[in-house]
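Working notes, beginning with the structure itself.
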Amino acid sequence: MVIPSFVSPDRMPFPQNLLENLTWMVRPRHVGATSGIEDLRRQFTSSFRRFAPVPPGVTFEPAQLGPVRGEWVRVEGADPRRLVLYLHGGGYIAGSPETHRPLVARLCQSAQACGFSLAYRLAPEFPFPAGLRDCIDAYRLLLQKSAQPSSMAIAGDDAGGGLAFASLLAIRNANLPMPAACVAMSPWIDLSLTGCSLLANARNDSALSWPLLFMSARQYLKKQSAADPYASPLYASFRDFPPLMVHAGSREILKDDASRIGERAAEAG
């Protein structure tokens, strides 16, 4: 994106790299080894506030599916047979269906589908694999309530995108019917943090940072391996997965996580 040079009344031009300067100013504050869970959660919460308002014509209804909580997202004119199971982002330690209402509402409007936004358990109170178990429980219970997998998509952002792919792995290995599709936005699928974009885009990303992800992964995994495919689906086989749609920005530190999904999908045919 090229920023034109404007001239102020005192004839001093604004810098050409205005966008880069503004991005640097709003990037996450420093996170270090002494940062507590509340510090980490505040970092994620500040990024959630950047979502646009909830669009009109959408309602939210708290719900309970067996042992798991969430909320139904109802969109005017949606096909009741179409369903999006949404898994919110927040580094596995933060976020909720409420924080992601604007994002989920717009996704359901675009898909002309109803949504179930899952309130999966968060670390460190409930470390890996508690959140993944909630995702699978929710999927099983939706199927028991007559949801058709051929009309269902699993979607998520950030850690929710990672959970979406981990859920596909668990669904396949449990011989459950696959959903029709999986959609992920800026998915975090490698908790071992090996993507080059984590460093290459460190200055550009105004929402996430390497220390923030590292500390979040430590809270989530405890003493479990970051290379466990259920924690880091990058290391899983994508055999028999449904069609995938993945989005990430070129300036994000998670860009390589997203691009490597394409490589894994190509390997699986």
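None of the values given here were measured: they were computed from a predicted structure. Position 1 is the first residue of the sequence; numbering continues from there. Computed over heavy atoms, backbone and side chain alike; hydrogens, waters and symmetry mates excluded.
In this structure, the separation between NZ on K255 and SG on C196 is 9.0 Å, given to the nearest 0.5 Å. Rounding to the nearest 0.5 angstrom, the gap separating the CG atom in L122 from the OH atom in Y120 is 6.0 Å. Separation of atoms CG (L40) and CD (Q219) is listed at 6.0 Å; rounding is to 0.5 Å. Atom-to-atom distance recorded for Y230:OH and S167:OG is 10.5 Å, nearest 0.5 angstrom. Between the SG atom in C135 and the CG atom in L85 there is a gap of 7.0 Å [rounded to 0.5 Å]. Distance check, rounded to the nearest 0.5 Å: CG of D157 to CG of L87 gives 9.0 Å.
Between the D257 side chain and the D190 main chain, a donor and an acceptor come within less than 3.5 Å of each other. Judged purely by atom type and a 3.5 angstrom limit, S192 has no side-chain atom pairing as donor or acceptor with the backbone of A227. Of the possible donor and acceptor atoms, one in the side chain of N201 sits under 3.5 Å from a partner among the backbone N and O of S250. No donor-acceptor pair closer than 3.5 Å links the side chain of R133 to the backbone N or O of P129. Between the side chain of S232 and the main chain of L234, no donor-acceptor pair closer than 3.5 Å is present. Remark: the backbone N or O of T99 is paired with a side-chain donor or acceptor of S96 at under 3.5 angstrom.
Between P233 and I189, the closest side-chain pair of non-hydrogen atoms falls below 4.5 Å. The shortest side-chain heavy-atom distance between L168 and R172 does not fall under the 4.5 Å cut-off. Counting heavy atoms from C-beta on, the side chains of L141 and Q144 come closer than 4.5 Å. In this structure the side chain of D158 never reaches within 4.5 angstrom of the side chain of S186, judged on heavy atoms. The shortest side-chain heavy-atom distance between M152 and L143 falls under the 4.5 Å cut-off. Put simply, the side chain of Y139 reaches to within 4.5 Å of the side chain of P149, judged on heavy atoms. Contact annotation: the side chain of I253 approaches that of L213 to within less than 4.5 Å [non-hydrogen atoms, C-beta and beyond]. At least one side-chain heavy atom of R50 sits under 4.5 Å from a side-chain heavy atom of S206.
Among residue pairs with one or both ends in residues 147-188, those qualifying as ring-ring contact (aromatic ring centres under 6.0 Å, His included) are Y92-W188, F165-F238; sequence neighbours excluded.
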(message) Set out, in order, the CA-CA distance, both residues' side-chain angles and the distance that settles side-chain contact (heavy atoms from CB on, under 4.5 Å) for M185 and L103, then state yes or no.
(response) CA-CA 11 Å; M185 293 165 280; L103 184 59; 4.3 Å; yes
(message) Go through it in stages, so that I can follow the logic: the residues are S150 and Q148, the test is side-chain hydrogen bond (donor to acceptor under 3.5 Å, both in side chains), and I'd like the CA-CA distance, side-chain angles, deciding distance and then a yes or no.
(response) CA-CA 5 Å; S150 60; Q148 295 299 313; 4.9 Å; no
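No hydrogens or angles considered: nothing links the side chains of D228 and Y235 as a donor-acceptor pair under 3.5 Å.
Counting non-hydrogen atoms of other residues, nucleotides and ligands closer than 6.0 Å to CZ of R121 gives a total above 12. Other residues, nucleotides and ligands contribute more than 12 heavy atoms inside 6.0 Å of the NZ atom of K222.
Taking every heavy atom of both residues into account, G131 and L163 meet most closely at C-CD2, 4.3 Å. Contact detail for G162 and P187: the closest heavy-atom pair is N-CB, 4.3 Å. Minimum interatomic distance between D205 and L208 (heavy atoms only, all atoms of both residues): OD1-N, 3.0 Å. In terms of heavy atoms, G89 sits closest to F48 at O-CZ, 3.7 Å. Heavy-atom minimum distance, A164 versus I154: CB-CG2, 3.7 Å. Scanning both residues, P242 and M178, for their nearest heavy atoms gives CD-SD, 3.7 Å.
Cluster membership for L191 and F126, using ILVMFWY side-chain heavy atoms within less than 4.5 angstrom, is not shared. At a threshold of 4.5 Å between side-chain heavy atoms, the hydrophobic network of Ile, Leu, Val, Met, Phe, Trp and Tyr places F51 and L118 in one connected group.
Other residues sharing the hydrophobic cluster of V183, ordered by chain and number and joined by side-chain separations under 4.5 Å: M245.
Remark: E38 engages R41 in a salt bridge, criterion side-chain N to carboxylate O under 4.0 Å.
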Kindly list each side-chain donor-acceptor pair under 3.5 angstrom involving residues 54-76, sequence neighbours excluded, with atom names and distances?
| residue | atom | partner | partner atom | Å |
| --- | --- | --- | --- | --- |
| Q64 | NE2 | G66 | O | 3.1 |
| E71 | OE1 | R101 | NE | 3.4 |
| E71 | OE1 | R101 | NH2 | 2.9 |
| E71 | OE2 | R101 | NE | 3.0 |

